[in-house]
Every structure is written in C-alpha cells, then in structure tokens.
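As a basis for the values below, the full set of heavy atoms in this structure was taken, side chains included, without hydrogen atoms, waters or symmetry mates.
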Amino acid sequence: MEFWAHWLWLIPFPPLAAAGALALTSRRRRRRAAVLAVGAMGASAALAFGAFASAAAHWGERAAVGFPWLQFGSRAFYLGWVLDPLSAAMTLMVAVVGLAIFIYSLGYMAEDENFVRFFCFLSLFAAAMLGLVIANSLLLLFICWELVGLTSYLLIGFWYQRPAAAAAAKKAFITTRVGDLGFLLGLVWLANESGSLLFYNGGRGCLEPQTVALLGARGAGIGGLSAAAAIGLLLFCGAVGKSGQLPLHVWLPDAMEGPTPVSALIHAATMVAAGVFLMARVYPLFGSEGASLVPHAMVWVGALTALCGALIAVAQTDIKRILAYSTISQLGYMFLGLGAGGVAVGMFHLTTHAFFKALLFLGAGSVIHACHGEQDIRRMGGVGRFAKVTFAAYAVGAMALAGVPVLFAGFWSKDAILHAAHHWRPSSLPFWLGVSGAVLTAFYMTRQLAYVFFGTYRGEGEPHESPPVMTRPLVFLALMAVFLGFVGTPALDAFGGFLSGERPRFELGALWEGGALQTMGLSTLAVALGFGLGWLLYGGARAAALGAMDPLERLWPGGYRALQNRLYVDEFYGVTVIWAQEAFSKLCAWMDEWIWGGLVAAWSAAAVAFAWLSRLIEEYAINAGFDAGCGGLRRGGRRAASFQDGKLQHYLRGIGVGFAVLALFLLWGR
C-alpha cells in the first residue's frame, strides 16, 4: 500500500499530460487527439483500479504522503496525497465513469470542428478531479477544486458563439465563486488554528484526533460556536456552491448549454460530486464536541434541496434540464445522508448516482442525436421504436434513479439515506421531505419516459439509433446501475464496511433490524405512487396525445407555471441580489465620475492655476526684476567701460578736467 501511496500522483498525470499535448495539437489531428485523450483516461482508470485493489487488500488501512511546497520563514505549506478507502473508491469511480464519457464523446463530438480543443479541456477537467480526490492536503484539494471550476467554465461555454452558452458559463463561474469564498476563509482559518493543512501527518494532521479535539474545544468567538463548527460551516459554503444546493443551485441547470458529455461529466461523477466528497473528507472535524451544527445544516439544506429540485423537474420540458434538476435533488439526498447517517451513507449514493446519472445524461445525448438535435421533450415521442438500445439503457437509468426495488442500485442507496433520516433524532421532517422527493422522482421520470419514448413521434425527420461508440458505454453504465447496489445492502454492506474498515458479513437478519424493512416498504410505496400518478397522467393512450399542453398544466395551471419558471428563484435574485449589485455598480460609477473624478478634476484645476500663477510671478516679477537689474548693470558697465576706451586724448582731457576741478576746489577752499 505504501508503494501505491507514493505513486498515487500518477493517476491524474496521464490526462494532465494529454491536456498539455492537445493544447499544442493542430485541430486537424482529430484521430491523434482521440487516441491521446482516451488512452490517457484509460491509463488513469487502470492505475485507479490498481490503487483500489491495494486499498482493498489492506482493508481499513491508510497511507499518506506529504511534502513542503512553499516556505515562508519558519512556516511551510505542504501538499500530498492519501490512499485510503474513501480516496480509492472515489478515484476508481471518477476514472471509470470518466472513461465511459470519453469514449462516448468520440461519437457525440465527431462532427464538431473544435474536436481537439474539446478533448483538451475534458482531459484537464478529469486530471483536476482526480487530483482533488487523492489530495492529502486541503490546499492541494482547493487548487484542484479551482481548476475544476475553471475547466467547467471552459466546457460549459465550449460553444461560446451561442449567447446562452457564454452566459451559462459566466453564471456557473460566478455563482460557485460565492461558495468558494467561504471555502477559502475556512481553509485560512483551519491553517491558522491547526498549523497544518495536511489531513493525515503522523498524528499532527488537521483531521487527526488530537487536532480535532483542540479545534472542538477552542471557541470561534461567534455565537458560542467552536472553531471546528465555524470552519466546517465555511467549508460547507464551498460545498453548497459546487454541488448546487439551495440557495446556490441556480447555475447548475444552465450548465446544460454545454455539450451533453460535459453535462454527464459535471453532473454525474465529478464537479457536483466534489462538494459531497469535500464534506465526507473533512467529516472527522464534525465528530468533535460542539461541531454537530454542521451535520444538522447538511440535513436541512439537503432535504429542502431534494424536494425543491424534484418539484421543479416535474414541469421542465428540456430533456437535459429535467436531469439537471434531478441532479440537484439527488445531491440533496447525498447531503441528507451525510448529515443523518455519516460518510458511508452519503458516499454510497454518490457512487451509485454517478453511474446511473451518467447513463441518463449520455442516454439523453443519444436521444438528442437520434432526434436531430432536438432537446424539447414535447417534440419527441415514440423514440423507443427507433432507438431500442438507447431506450432500454435509459429505462434502466430511470428506474435506478427512481429507486425501483431490489434490482436497481438507486433503491439501496436511496433507502439507506431514508433509513438514516428516519432515525435522525432532532426531527422527522427531513425524512418526510425525502419521501416526498422520492414520489416526485418517480413521477417526473415516468413523465419524461412517456414524452420521449412512448406515443408517436412529434418532431421533424425520423429518429435513428446512435452509433455503437455511443451505445456501448450506455450498456456498460446500465449494467453498473443494476449490480452496483448489491455492495451496499443492509444484509451485506460491503461498501460501508470498506469505508469504515470493518469486514462485511452477510446477515440476512439485518433486513429486519432497526426498521430497515419498514423503510423499504414505505420507499416502495412512494415509488409506486409516483409511477402510478405519472402513468395516470402521461401513460397508455394518453402518450399518443401528448403535445404542447402538459396534462399537469391543465390540472394545475398556476402551480405548473411556477414550477416551469423554477419557482422564480432566478427572478428573485434578479430583483434583489443582481439589482443591488447593479445599483451598487452604478453608484460606484457615479461616485467615480462625479465625486472622485470631481476631486481629481478640482486638484488638477488647482494645480493648473498654481502653475499659471507661478508662471506669472516668474515671468513678470522675478524674471522682470532680474532682467531690469541685469539691464542697469549692463548700462553701468558700458558707461564705466567708456572711460577705459584706450584713446590718449580722452585720458588727457580727463586729466585736464581733473586738474581744473582740483584747482577750483583748492581756490574755493581758501
């Protein structure tokens, strides 16, 4: 394990090197770019599998590496990487899902003129995410975190010639920076309090028991919070922004303006999962006394986001935007699971969600490809008859997302969250919010399936199946969406045991312990209710009559419009935050022009006036007086010089006059 820990940096290196090489590659070298990008991601996946196998062979152990990066006097900043069950599982998931998306992109982006640039950005994105999950330093994690933000900006705005794509990229970048400011403040505070940003460092790391106890006992000076709680809340702000939680969720649906593989990569295993992973990584901080406020915040924010995202998804008509709000909702479930049940519960849903949501986004891309670029589900219909592989894979993803019992991974991971929420002592409301979200999830996925795959085709042209390079990754992801859930069942919780270091044992009786079976039954009823309501409104014969007017809109026009307009959150921000920012900008511009500019102009005028006064004094007083004095001196000199002209007769005349004057003086004196 020590060997793999020291060479763990090799996992993000191939896509990083590929990104550098592709940046220097001509756009005409498409085949070379494809081989380089996919080959690099395949190499990372192979290395990630090796690291995972090493972690599994050393069950429950951890190996960490740290080294000084920058030195400021006696203070050094350290970077490093860690191989433990959490980083091993996350690295393998990111690499495998990323590889499937890279392969799929070969077909989806085949006709794009900027094919090489796309894979350059995609490779840099993958490298940053892989670096993030292996980091043993909060500083290195933050560096990779910001690289993920940069590359997501480049990928969301990849088709920058479209105004909507450029606006979406800016919106994502700016909104996530709001959360990242909290992250940065928490990072600086943690470095100041603990003296280290290494997570594990032989007992001196910031997540190790001695440091955590110190942070829990030290006050933050804010409302009785401990330093651990205050730092945790600041880090949670970063997670809220990156993972699209209320109230910073508004950027994530607009990120659909990027190419579909980008949507799959951002919304499945990478960028949005980074916030959940961050909180899972620093979870030991919340075990200290006085830091329980952070898990409570995660529970409430997660539960409200899960319900809100599912509600808005019910009334969306863009196939990718429905999945985007679904992602917001599922990320809410992950935070609910983290806060109520711990790391294993939240991370299990993150892992299963990565596969079935990647499947759904790539399936949506296949549908868009089949429908000649159409994304409005009202202009689809009957696609299942023309694209059978896409339909079968998409249906598997939809059932996994909805949590259809037993066979699908989403059932086991979602139920673990609901079970933890059911036993959360402070309140039962988050549990019922989660159950309501489960009903809505089944409902909006039934609606989407009916609009897209059932009934008659309502678009232009004729749908067709996607090429094998796009459908084969769908089949692989569909298999994972089915079988992955069995590693986290209550009877054999291998995933939770792997993260906690406990050897799993098969215990069928665990299904009847702690109310697990009752939670499963309630969850099954919620899914059945959602599917039933969805089929009642959209299924059967009604699928053939679906068109511009949604059946739910007929039944509930006011509510439907509110949900269709995303509960007017963007409009609320427009008349509050954005209006205030614009007003403040205008005030700053006015002050700059009339106050500061006026002061500068006044000082400038005063300086000019003083310069003119100085010039007048110099020219008409000093220079004039000096010139007059010099003129008098010159005239005096000329007169004096006239007595020294060298002419003898003048000298004799002068002597004669002198004698005459002397004689007169003497005679007069007598």
Side-chain angles (χ1 to χ4, degrees), residues 11-12 15 44 48 81-82 86-98 101 121-122 124-156 172-173 175-184 186-187 199 232 234-245 248-249 251-252 255 258 262-283 298 301-302 305 324 327-328 330-335 337-338 343 346-351 353-355 357-358 361:
I11 295 177
S44 290
W81 35 85
V82 59
L86 180 60
S87 66
M90 191 72 178
T91 304
L92 182 62
M93 183 269 290
V94 170
V96 171
V97 174
I101 294 171
F121 293 165
L122 207 65
L124 183 58
F125 187 102
M129 189 64 199
L130 289 168
L132 187 153
V133 297
I134 66 170
N136 183 39
S137 162
L138 193 61
L139 179 59
L140 177 60
L141 194 152
F142 183 73
I143 292 170
C144 293
W145 179 282
E146 292 302 318
L147 280 174
V148 167
L150 169 64
T151 48
S152 67
Y153 166 78
L154 296 173
L155 287 166
I156 293 169
F173 191 80
T175 305
T176 53
R177 295 289 78 70
V178 175
D180 290 356
L181 178 60
F183 187 173
L184 179 60
L187 181 150
F199 296 137
L234 288 171
L235 297 179
F236 183 51
C237 289
V240 165
K242 192 71 81 179
S243 293
Q245 299 295 284
L248 300 179
H249 67 288
W251 70 268
L252 203 151
V262 173
S263 304
L265 199 60
I266 289 177
H267 290 186
T270 54
M271 179 175 173
V272 295
V276 181
F277 173 78
L278 170 65
M279 301 314 291
R281 173 56 77 194
V282 301
Y283 207 84
M298 286 193 285
V301 170
T305 305
T327 298
I328 292 173
Q330 296 304 309
L331 288 164
Y333 277 108
M334 294 175 207
F335 281 110
L338 274 178
V343 173
M347 290 302 296
F348 184 42
H349 193 58
L350 184 152
T351 305
H353 176 265
F355 286 94
K357 187 52 66 69
F361 269 111

Quiz item: cation-pi between R281 and Y283, 6.0 Å / 45°: no
In this structure, CG of L140 is separated from CD1 of I134 (nearest 0.5 Å) by 7.0 Å
Atom CG in L155, atom CG in L265: separation rounded to 0.5 Å? 7.5 Å
Test item: L124 and P15 side chains (from C-beta on) under 4.5 Å apart, heavy atoms: no
Do L154 and F125 touch side chain to side chain, with heavy atoms closer than 4.5 Å? no
Working for salt bridge (Lys or Arg N to Asp or Glu O under 4.0 Å), residues K242 and E146: CA-CA 10 Å; K242 192 71 81 179; E146 292 302 318; 5.5 Å; no
Evaluate side-chain contact (heavy atoms from CB on, under 4.5 Å) for S137 paired with F199, printing each intermediate quantity in order. CA-CA 6 Å; S137 162; F199 296 137; 5.8 Å; no
A quick test of your reading: do over 12 heavy atoms of other residues, nucleotides or ligands sit less than 6.0 Å from OH of Y153? no
Heavy atoms, side chains only, cut-off 4.5 Å: are V301 and F335 in contact? no
Using 0.5 Å steps for rounding, measure from the NE2 atom of H349 to the CE atom of M334. 5.0 Å
Check: T176 side chain, G241 main-chain N or O, donor-acceptor pair, under 3.5 Å: no
What do the steps show when you test L278 against W145 for side-chain contact (heavy atoms from CB on, under 4.5 Å), and what is the final call? CA-CA 10 Å; L278 170 65; W145 179 282; 3.8 Å; yes
Could you tell me whether a side-chain N or O of T151 sits under 3.5 Å from a main-chain N or O of V148, the two making a donor and an acceptor? yes
Yes or no on side-chain contact (heavy atoms from CB on, under 4.5 Å) for M129 and M90, after CA distance, side-chain angles and deciding distance? CA-CA 10 Å; M129 189 64 199; M90 191 72 178; 4.2 Å; yes
Stepwise, does the side-chain contact (heavy atoms from CB on, under 4.5 Å) test hold for I11 with W81? CA-CA 11 Å; I11 295 177; W81 35 85; over 6 Å; no
Any V133 side-chain heavy atom under 4.5 Å of S87 side chain: no
May I ask you to decide if Q245's main-chain N or O and T305's side chain share a donor-acceptor pair within less than 3.5 Å? no
Euclidean distance, L122 CG relative to I101 CD1, rounded to 0.5 Å: 8.0 Å
How long is the gap from CZ on F121 to CD1 on I156, to the nearest 0.5 Å? 12.5 Å
Give, for atom CG of L132 and atom CG of L147, the distance between the pair rounded to the nearest 0.5 Å. 9.5 Å
F183 and F236: aromatic ring centres closer than 6.0 Å? no
Are the side chains of L350 and M93 in contact, using a 4.5 Å heavy-atom criterion? yes
